[in-house]
> 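The structure under discussion is supplied below as C-alpha cells; questions concerning it will follow.
Keep in mind that this is a model prediction, so the values were computed, not measured. We name chains A, B, ... by the order of the sequence lines, and we start the count at 1 in each one. Side-chain atoms are counted along with the backbone in the values below, which use heavy atoms only and exclude waters and symmetry mates.
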There are 2 protein chains.
Amino acid sequence: MTQFDPATLRYDVNGLIPCIAQQEGTGEVLMMAWMNADSVARTLESGRVTYWSRSRQAFWVKGETSGHVQELVDLRVDCDRDCLLAVVRQTGPACHTNRRVCFYTSVTSGEEVELMAPE
Amino acid sequence: MTQFDPATLRYDVNGLIPCIAQQEGTGEVLMMAWMNADSVARTLESGRVTYWSRSRQAFWVKGETSGHVQELVDLRVDCDRDCLLAVVRQTGPACHTNRRVCFYTSVTSGEEVELMAPE
C-alpha cells in the first residue's frame with residue numbers, strides 16, 4: 001500500500017480541491033466545499049472535516065461556530081485525484097440556511113422547486 | 001415558483017460549475033465533473049447527463065462512447081448556486097477505470113486503500 005500524501009492530489013490554480021460531504025448510512029449528499037493541502041491534512045489528523053473558506057481565506061472547521069460539525073468516517077480520493085469524498089457523521093443541518101443539505105432546490109421541471117424547509 | 005434559467009447559476013472564471021452525480025436509490029456518489037451553462041440546458045432538455053470536457057473542450061454526453069449513460073432523474077442546485085447535484089440512473093460503471101464509482105480509494109488510514117475492483 002502507498003502512504004498517502006496530500007501533496008500528491010491535483011489542486012486547481014488556487015491550490016484548492018473540491019470535497020463532497022456525504023452522510024454515513026443514509027448516503028445523503030450534504031454539501032460541497034473546498035480544501036487546500038493543509039485542510040486535507042488537518043481533516044485527517046483531527047477527524048473533524050476542515051475546509052478552506054474562499055471568502056474568508058482561512059481554515060473553516062465545519063461547525064466550529066454553529067456546532068453543526070462533521071465527524072470524518074472516511075476520506076476518499078477519486079480516479080483523477082482532483083476531487084474528494086468525505087463520508088461523515090453530520091450533527092444538525094449541514095447547510096447555513098439551516099436545512100439538512102445544501103441541495104434543496106430541484107430544477108428538473110423547468111421551475112425552481114424547494115424540496116426541504118429549514119429545520 | 002421561479003422559472004429556472006441556467007444563466008442564473010454561479011460559474012467559475014472558466015464558465016464552469018461542478019456537478020456531482022449520485023445514483024438514485026442507493027445514494028452512491030458516482031463521480032464529479034463540470035458543466036457550463038449549455039451543458040446544464042442540454043442535460044435538462046435531453047434527460048441525458050451532459051458535462052463539459054475540460055481536456056477536450058467539448059460537450060461530453062456521459063456514456064456516448066462507452067454506453068455507460070446517466071439518465072437524469074433530478075437536477076438540484078445548492079444554496080450558493082455554485083454546485084449541482086444530478087440524481088441519475090447509471091448504466092454500467094461510472095468511472096473510466098471500469099469501477100462502479102470514481103471514489104474507490106480510501107486515505108483515512110494514512111495509506112491508500114483500494115475499496116473496489118474494476119467490473
> Could you check B:Asp78 against A:Met32 for side-chain contact (heavy atoms from CB on, under 4.5 Å), going step by step and ending with a plain yes or no?
CA-CA 9 Å; B:Asp78 83 341; A:Met32 192 282 271; 5.7 Å; no
> Does any backbone or side-chain atom of A:Leu115 lie under 4.5 Å from a heavy atom of chain B? Answer side chain, backbone, both or neither.
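The side chain, not the backbone.
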> Using non-hydrogen atoms only, which part of A:Cys83 is less than 4.5 Å away from chain B: side chain, backbone, both, or neither?
both
> Who wins among B:Arg76, B:Glu112, B:Met31 for the most heavy-atom pairs under 4.5 Å with chain A?
B:Glu112
> Among the options B:Glu28, B:His96, B:Gln23, pick out the one with the most heavy-atom pairs lying under 4.5 Å from chain A.
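Of B:Glu28, B:His96, B:Gln23, B:His96 has the most heavy-atom pairs under 4.5 Å with chain A.
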> Check each atom of B:Leu85 against the heavy atoms of chain A and say whether the ones under 4.5 Å are side chain, backbone, both or neither.
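Answer is both: backbone and side chain atoms of B:Leu85 are under 4.5 Å from chain A.
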> I need the residue from A:Pro6, A:Gly27, A:Gly110 with the largest number of non-hydrogen atom pairs under 4.5 Å to chain B.
A:Gly110
> Taking A:Leu44 as the starting point, is it possible to reach A:Val77 by hopping between hydrophobic residues whose side chains are less than 4.5 Å apart?
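Same hydrophobic cluster.
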> Give a yes or no on whether A:Val69 and A:Val49 share a hydrophobic cluster (residues Ile, Leu, Val, Met, Phe, Trp, Tyr; joining criterion: side-chain heavy atoms under 4.5 Å apart).
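Each belongs to a different hydrophobic cluster.
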> Using non-hydrogen atoms and a 4.5 Å limit, figure out which bit of A:Gln22 sits close to chain B: side chain, backbone, both or neither.
side chain
> Can you say whether A:Val73 sits under 4.5 Å from chain B via the side chain, the backbone, both, or neither, judging by heavy atoms?
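Contact with chain B: backbone only.
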> Identify which part of A:Arg81 has an atom lying under 4.5 Å from any heavy atom of chain B, answering side chain, backbone, both or neither.
side chain
> Using 0.5 Å steps for rounding, measure from the SG atom of B:Cys95 to the CG atom of A:Asp80.
7.5 Å
> What part of A:Thr97 lies closer than 4.5 angstrom to a heavy atom of chain B: side chain, backbone, both or neither?
side chain
